[in-house]
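Numbered from 1 within each chain, the chains take letters A, B, ... in sequence-line order.
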Protein chains: 2
Amino acid sequence: MALPSGPTAPSSTAEAVLFELVDDYDRAYESAAEQLSLTAAQACVLGRLHERRGMGSLAEELGCDASNITQLVSRLEAVGLVTREPDPSDRRARLVKRTRRGHAVNRRFEEAFAFGRTAVSRLTDAEQQQLTFLLKKALG
Amino acid sequence: MALPSGPTAPSSTAEAVLFELVDDYDRAYESAAEQLSLTAAQACVLGRLHERRGMGSLAEELGCDASNITQLVSRLEAVGLVTREPDPSDRRARLVKRTRRGHAVNRRFEEAFAFGRTAVSRLTDAEQQQLTFLLKKALG
DNA sequence: TATTGTTATACTCTATAACTATA
DNA sequence: TATAGTTATAGAGTATAACAATA
């Protein structure tokens, strides 16, 4: 199930279109990950490794438990997409970073996950600015 | 991890705001379900039972395997939120429907999941119409 | 023979609790 | 004593394959 789907909403309100957007977005994310033999969670972690960083920092950003990150990073390491190295400044800590293949796979994932790009590209520049404004306001 | 998160996007573009929206939406959905001791998938199934319907129909709508629906419905049945009854017109099939408690819990879920309502309510009527137009266009 | 749904199985995500090593 | 990360474990989502009952 690619969902979280929302409650059954009337078909043409802003709320309903919002739901459709989220649903499509989530499915596209899952699908792009699958094309690269990744799960959504793995693609997500890989995408956050722009620079070398600690496990705790990842857990905090992703809002999940540290033990979860341990497992996800272990899987990514097992398939050669990331490495863990000791943190010279704190011997308890470990720094995760992408391997060369990890970089390549992440790049291909970003290409495959075209949902946001494609959606935005259907709008004119002025419309994109409007949309940004409206969504920011809606998010409070 | 409440995510699917998107690739690291520039901070203020339409694409970035889109990502933020999806992320917030998904987390809010998860959180609302949790308040009712449901998982997101369970809340999702429960929400699709406006009327009595077959397992296969659910699987198709949710885009997942039938065996998955079997398990989810079994859990909901085990906690008394849905029942399965034989389909009089096809003895292979079974019809799922909410119990009274299932209705009540679903109603409380929809109240708890205020994300879409709240977001839309921050916009004027004209802005809501604009947003609907822009999102529909962006979705193609 | 095809279809509806279930069961068995396996993999992944996720959290909690207990643990190790270090600060 | 507190913190970074791991391990063990358990519950849940998900799919595949094999199966039963019915069409």
Side-chain angles (χ1 to χ4, degrees), chain A residues 1-5 26-27 29-31 33-34 36-48 52-79 81-97, chain B residues 1-5 26-27 29-31 33-34 36-48 52-79 81-97:
Chain A
M1 203 152 31
L3 298 198
S5 80
D26 286 343
R27 290 184 197 261
Y29 193 95
E30 190 94 25
S31 165
E34 198 178 356
L36 291 152
S37 305
L38 297 172
T39 64
Q42 288 164 3
C44 177
V45 169
L46 195 60
R48 301 310 174 91
R52 204 170 65 151
R53 61 192 296 193
M55 310 285 287
S57 141
L58 274 169
E60 192 180 3
E61 181 173 345
L62 301 182
C64 72
D65 193 82
S67 63
N68 192 9
I69 296 295
T70 294
Q71 195 177 206
L72 290 167
V73 167
S74 297
R75 297 228 171 90
L76 289 171
E77 193 177 34
V79 293
L81 299 182
V82 308
T83 56
R84 270 183 282 215
E85 40 191 57
D87 182 339
S89 72
D90 182 345
R91 277 156 52 198
R92 296 170 301 179
R94 310 179 71 176
L95 297 171
V96 195
K97 65 173 197 183
Chain B
M1 204 152 27
L3 300 197
S5 80
D26 286 342
R27 289 183 199 260
Y29 194 94
E30 190 94 24
S31 165
E34 198 177 356
L36 291 153
S37 304
L38 297 172
T39 63
Q42 288 165 1
C44 178
V45 168
L46 195 61
R48 301 308 175 91
R52 204 169 65 151
R53 61 192 296 194
M55 311 284 286
S57 141
L58 274 170
E60 193 180 2
E61 182 173 344
L62 300 182
C64 71
D65 193 83
S67 63
N68 192 9
I69 296 295
T70 295
Q71 194 177 208
L72 289 168
V73 168
S74 297
R75 296 231 171 89
L76 289 171
E77 194 178 33
V79 293
L81 299 182
V82 308
T83 55
R84 268 182 284 213
E85 39 190 60
D87 182 339
S89 72
D90 182 343
R91 278 156 54 200
R92 294 169 303 179
R94 311 178 71 176
L95 297 171
V96 195
K97 65 173 197 182

Provide, to the nearest angstrom, the distance between the CG atom belonging to B:D87 and the P atom belonging to C:dT3. 17 Å

Taking all non-hydrogen atoms of both residues, which atom of B:L38 and which atom of B:L46 are closest, and how far apart? CD1-CD2, 4.2 Å

Please tell me if A:Q71 has a side-chain N or O lying less than 4.0 Å from either OP1 or OP2 of D:dT7. no

Any non-hydrogen side-chain atom of A:L72 less than 4.5 Å from a side-chain atom of A:L58? no

Donor-acceptor contact present, side-chain A:R84 to main-chain A:M55, <3.5 Å: no

Rounded off to whole Å, could you give me the CD-to-P distance for the B:E30 and C:dA15 pair? 9 Å

Base, sugar-phosphate alone, or nothing: which one does B:T39 contact when heavy atoms must sit under 4.0 Å apart? sugar-phosphate

What heavy-atom pair brings B:R48 and B:R53 nearest, and what distance separates the two atoms? O-NH1, 2.9 Å

Quickly work out the B:L76 CG to D:dA12 P distance and round it to whole Å. 11 Å

Shortest non-hydrogen contact from A:P88 to A:L95? CD-CD1, 4.3 Å

Specify the closest pair of heavy atoms between B:A43 and B:A33, including all atoms of both residues, with the distance to one decimal. CB-CB, 4.0 Å

Respond yes when some side-chain nitrogen or oxygen of B:N68 is under 4.0 Å from OP1 or OP2 of D:dA15, and no when none is. yes

Between the protein and nucleotides 2-5 of chain D, list the N/O to N/O atom pairs that are separated by less than 3.5 angstrom.
| from | atom 1 | to | atom 2 | distance (Å) |
| --- | --- | --- | --- | --- |
| D:dT3 | O4' | A:R92 | NH1 | 3.4 |
| D:dT3 | O2 | A:R92 | NH1 | 2.6 |
| D:dG5 | OP1 | A:M55 | N | 3.1 |
| D:dG5 | OP1 | A:R94 | N | 3.4 |
| D:dG5 | OP1 | A:R94 | O | 3.2 |
| D:dG5 | OP2 | A:G56 | N | 2.6 |

Between CD of A:E34 and P of C:dC11 the distance, given in whole Å, is 17 Å

Could you tell me the separation between the CG atom of A:L58 and the P atom of C:dT14, rounded to a whole number of Å? 13 Å

Any N/O donor-acceptor pair, B:S67 side-chain to D:dT16 base, under 3.5 Å: yes

Tell me: CD1 of A:I69 to C1' of D:dT7, nearest whole Å? 16 Å

Grab the CD-P distance between B:E85 and C:dT4 for me, whole Å please. 19 Å

Which atom pair, heavy atoms only, marks the closest approach of A:L62 to A:C44? CD2-SG, 3.8 Å

B:R75 side-chain proximity, nearest of D:dA12, C:dA8, C:dT14: D:dA12

Rounded to whole angstrom units, what separation is found between the CG atom of A:D26 and the C1' atom of D:dG13? 15 Å

For A:D65 and B:S89, take the nucleotide of DNA chain D holding the closest heavy atom to each; which residue's nucleotide lies nearer the 5' end? A:D65

